[in-house]
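Order of listing sets the numbers, starting from 1, for every ligand and every atom in it. Hydrogens, waters and symmetry mates are skipped; everything else that's a heavy atom, side chains included, is used. We're numbering straight along the sequence, starting at 1.
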Amino acid sequence: MKHNFNAGPSILPKEVFEEASQGILNFRDTGLSILEIGHRTPLFQSVMDEAIMLTKELMHLDRDHSVLFLHGGATTQFFQIPMNLLNENETAAYLDCGVWGSKAIKEAKLFGEVKVVASSKDRNYTYIPKGYAIPADAKYFHYTTNNTIEGTEMFDIPETNIPLVADMSSDILSHSMDFNRFAMIYAGAQKNIGAAGVNMVIVRQDILGKVNRKLPGMMDYRQHIEAGSMLNTPPVFAIYVCLLTLRWLKKMGGVEGIEKINRAKADLLYKTLDEKHGFELPVAREDRSRMNVVFLIPDHSLEKKFLDACQQAGMVGVKGHRSVGGFRVSLYNALPFESVKALTALINEL
Ligand SMILES: *Cc1c(COP(=O)(O)O)cnc(C)c1O
């Protein structure tokens, strides 16, 4: 058996893999594969409708929010957001707290002015900046809720009256929060929601239609809303995997249910790492991510011992991101508690 700590694409529930496989061979006893039916058939429409409904239900979203399943990953949202929300002479506020957020900033600058309200780059993004002011006249405020590469997470929603926009790619649906406070939420599916190839975008309609540039159809959220995420052929299989994962999450007690398990997993691993001699945690304690746990083993012989033990025990995906080094263990929703128990036992025995 493997213990899969990959950062993304990453582990999904076993039953999702089984049902998704079945859907490829014989989708809902139709004698057809999910891969060979038209996206505008009632059969696929029911997949899309249920995925949207479950997303709204699990996130307790109100009616002002639209749920879209789009192409291009979170990276496309880095530019699609300013394209739809920011005129050239206007300013958007951004928090710079990780590699992904800094990419979003770079792209936003192509479309308007960007005010970086705070940055933790001075200490390699190992903490979340606090006590910054969000300008009241900015068009929106953008931040990353969980910094996948650096292992920091922001649990509190910033106080502001301007529209909040968040990249939740790596912690969406992992803990409860008031999702209705956001004007926009986006997430690549391949971490907590499903398969790579689709991007969940949640948008409050009143923020749209206010820029004066011309938008290509595929870049225009309003056209996607009107077309029900079917402006062109949607990534049908990736959306189907999202649906199966959302159903599984509902069975687990929803976001509130999985949050308890996620907290127990992270608490156990951090406690073990804190107590283990030779392991170092670079991230500020109060900002530690529950999804991506980053640590270092400065002693090379201990590092090798750890890596060999992981390999023997079938543990994959423990290496840190190439830009950070060290180790990163991802504890996404689908990672069973048993995998964390196995990893902590292995660490204690080193
Ligand atoms: C993985 C990730 C991305 C990039 O997602 P793509 O779907 O590959 O574009 C962006 N932001 C965060 C926070 C991520 O974890």
Between Asp122 and Tyr127: side-chain donor-acceptor atoms closer than 3.5 Å
yes
Tyr94 vs His142 aromatic rings, parallel, tilted or perpendicular, using cut-offs 30° and 60°?
parallel
Protein N/O near ligand 1 N/O, under 3.5 Å, which pairs?
unit_1	atom_1	unit_2	atom_2	d
ligand 1	7 (O)	Ala74	N	3.2
ligand 1	7 (O)	Gln190	NE2	2.9
ligand 1	8 (O)	Gln190	NE2	3.4
ligand 1	9 (O)	Ala74	N	3.2
ligand 1	9 (O)	Thr75	N	2.8
ligand 1	9 (O)	Thr75	OG1	2.5
ligand 1	11 (N)	Asp167	OD2	2.6
ligand 1	15 (O)	Thr148	OG1	2.4
ligand 1	15 (O)	Lys191	NZ	2.7

Looking only at side-chain N and O atoms, does Asn147 offer a donor or acceptor that is under 3.5 Å from a partner on Thr152?
yes
Could you state the interatomic distance from CG (Asp62) to CG (Asn180), rounded to the nearest 0.5 Å?
4.0 Å
Could you tell me how the ring of Phe141 sits relative to the ring of Tyr143: parallel (under 30°), tilted (30 to 60°) or perpendicular (over 60°)?
parallel
Once salt bridge (Lys or Arg N to Asp or Glu O under 4.0 Å) is applied, do any residues pair with Arg290, and if so which ones, sequence neighbours excluded?
Glu259
